K.L.:
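Here it is, the structure in full.
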Amino acid sequence: MAAQIINGKALSAEHLAGTQEAIIKFKARGIVPGLAVIIVGENPASMKYVANKEKICQSIGIYSRIIRMPAHTPQAEIETTIRQLNEESAIHGILVQLPLPPHLSTLRLLSLINPAKDVDGFHYQNSGKLFYGLPSLLPGTPKGVHEMIKSTGVTIAGKDAVVVGRSNIVGKPMAIILMNEDATVSVCHKLTADLKAYTSRADILVVAAGKPKLITADMVKPGAVVIDVGITYVDGKVVGDVDFQAVSEVAGFITPVPGGVGRMTVAMLMANTVEAAASIEAERLSSLG
Ligand code: NAD
């Protein structure tokens, strides 16, 4: 096996340890960073993700509140909950677990979150700041992928980067982060005519399509950094979008699934919660004069 494994478990533990140190300093000032998670309905994957977030919050000292709402909850009721959380001083981060039931407007709900508390980085104000290269709360998955690429020591500037997938939560912000780092970025999607023509010239390949084994060894440039964001359950097992065994023989660096990007996504959410708490508390102090 030629490729070095980018170990999401170890890297996320490092990041969580740094976040925990920051929390200890906050607590010495009487501040406990707080995260509220709204989950609507009982999507099994969402329930699992939310339980995991709660567990990690508890393990590093973030106050967490899970707000469980039935699948048929009207839009107005969720909007009221978000408005209340926006005002609550114990809550520094608000997250609406996606996907939502189809009767709800995801965009409207995400847009109601106070941008300073938008720890998922999905509010258009935070997307806009990312677009302009301004500091902002970044979506956890692309932020985590960026950290994983940086951990390899490979320079991003000037490289050919290919992002497979153009969703608002992974592909698009990922492409902008890589552009902001001076990579030459191509974004592929399900209608891309010749995917291999793009992937095989990528020095950095980020795959977020949700299609198991979409990326095979012949589609990867020797020595490339390959980041597999995909999560699909096949026969009860989690698999990524990359044919891990075969691609490992060609790539320079590769992330495993599980034990890769997923771990970093949660670690970045925790970091964002503490970052949000820091700015909100600094703002509060300055408003007191
Ligand atoms: P999505 O369904 O919103 O978007 C998928 C994207 O992949 C689309 O832009 C689509 O055009 C593209 N695509 C689909 N089939 C393709 C093909 N054959 N060739 C090229 N492009 C193709 O999904 P998403 O929310 O962006 O998530 C993508 C994957 O990443 C899913 O498996 C999801 O579970 C996973 N995910 C993982 C994490 C994590 O923390 N590891 C976080 C978010 C999403």
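Every number for a ligand or one of its atoms is a count from 1 in the order of the listing. Fair warning: this is a prediction, and the values are worked out from it, not measured in the lab.
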K.L.:
Of V229, V187, L205, T192, which meets side-chain contact (heavy atoms from CB on, under 4.5 Å) against V164?
P.N.:
L205

K.L.:
Is it the side chain (CB and beyond), the backbone, both or neither of D241 that lies under 4.0 Å from ligand 1, heavy atoms counted?
P.N.:
neither

K.L.:
Please list, in number order, the atoms of ligand 1 under 4.0 Å from a heavy atom of V164.
P.N.:
20 (C), 21 (N)

K.L.:
Check whether any heavy atom of T192 sits under 4.0 Å from an atom of ligand 1.
P.N.:
no

K.L.:
Would the distance check show the side chain of D228 and the main-chain N or O of V242 forming a donor-acceptor pair, the cut-off being under 3.5 Å?
P.N.:
yes

K.L.:
Under 3.5 Å, is there a donor-acceptor pair between the side chain of T199 and the main chain of M219?
P.N.:
yes

K.L.:
Among protein heavy atoms, which sits nearest to atom 29 (C) of ligand 1, and what does the distance come to when rounded to 0.1 Å?
P.N.:
G210 N, 3.6 Å

K.L.:
Going by the closest heavy atom to atom 18 (N) of ligand 1, which one wins out of L195, L214, L98?
P.N.:
L214

K.L.:
In terms of residue, atom name and distance, what is the protein heavy atom nearest to atom 40 (O) of ligand 1?
P.N.:
T265 OG1, 2.8 Å

K.L.:
Counting heavy atoms only, which of V187, V238, V229 comes nearest to atom 41 (N) of ligand 1?
P.N.:
V229

K.L.:
Can you measure from NZ (K196) to CG (D218) and round to the nearest 0.5 angstrom?
P.N.:
4.0 Å

K.L.:
Is the backbone N or O of L138 less than 3.5 Å from a side-chain atom of N272, with the two atoms forming a donor-acceptor pair by type?
P.N.:
yes

K.L.:
Which of the atoms in ligand 1, numbered in the order shown and given with their element, are less than 4.0 Å from a heavy-atom of G165?
P.N.:
6 (C), 7 (O), 9 (O), 12 (C)

K.L.:
Give the cluster check for M270 versus I66: same hydrophobic cluster or not, with ILVMFWY residues linked at side-chain heavy-atom distances below 4.5 Å.
P.N.:
yes

K.L.:
Using the rule that Ile, Leu, Val, Met, Phe, Trp and Tyr join whenever any side-chain heavy atoms are under 4.5 Å apart, tell me whether M174 and V185 fall into a single cluster.
P.N.:
yes

K.L.:
Nearest non-hydrogen contact with atom 42 (C) of ligand 1 belongs to which option: T141, T199, V145, V207?
P.N.:
T141

K.L.:
Please name all residues satisfying salt bridge (Lys or Arg N to Asp or Glu O under 4.0 Å) with D182, sequence neighbours left out, ordered by chain then number.
P.N.:
none

K.L.:
Is ligand 1 less than 4.0 angstrom away from at least one heavy atom of A208?
P.N.:
yes

K.L.:
To the nearest 0.5 Å, tell me how far E42 CD sits from M47 CE.
P.N.:
5.0 Å

K.L.:
Below 3.5 Å, N or O to N or O, backbone or side chain included: is there any such pair between R166 and ligand 1?
P.N.:
yes

K.L.:
Under 3.5 Å between some N or O of ligand 1 and some N or O of K211?
P.N.:
no

K.L.:
Quick check: does K190 get an N/O under 3.5 Å from an N/O on ligand 1?
P.N.:
yes

K.L.:
Is the backbone of L112 close enough, under 3.5 Å, to the side chain of N86 for a donor and an acceptor to pair up by distance?
P.N.:
yes

K.L.:
Considering the heavy atoms of H189, write down every atom of ligand 1 situated less than 4.0 Å from one of them.
P.N.:
11 (O), 19 (N), 20 (C), 21 (N), 22 (C)

K.L.:
Where is the nearest protein heavy atom to atom 23 (O) of ligand 1: which residue, which atom, and how far?
P.N.:
S167 CB, 4.4 Å

K.L.:
Supply the atom-to-atom distance K172 NZ to S167 OG, rounded to the nearest 0.5 angstrom.
P.N.:
8.0 Å

K.L.:
Is a side-chain donor-acceptor pair under 3.5 Å present for E88 with Q84?
P.N.:
no

K.L.:
Within ligand 1, which atoms have a heavy atom of I169 less than 4.0 Å away?
P.N.:
25 (O)

K.L.:
Heavy-atom distance to atom 7 (O) of ligand 1: which of A45, G262, G8, A209 wins?
P.N.:
A209

K.L.:
For atom 2 (O) of ligand 1, is the nearest protein heavy atom closer than 4.0 Å?
P.N.:
no

K.L.:
Determine whether the side chain, the backbone, both or neither of L191 has a heavy atom under 4.0 Å from any heavy atom of ligand 1.
P.N.:
neither

K.L.:
Report yes if some N/O of I231 lies less than 3.5 Å from some N/O of ligand 1; otherwise report no.
P.N.:
yes

K.L.:
Using every non-hydrogen atom in the two residues, find where V162 and Y198 come nearest and quote the distance to one decimal.
P.N.:
CG2-O, 3.5 Å

K.L.:
With a cut-off of 4.0 Å, which atoms of ligand 1 are near a heavy atom of V170?
P.N.:
26 (O), 43 (C), 44 (C)

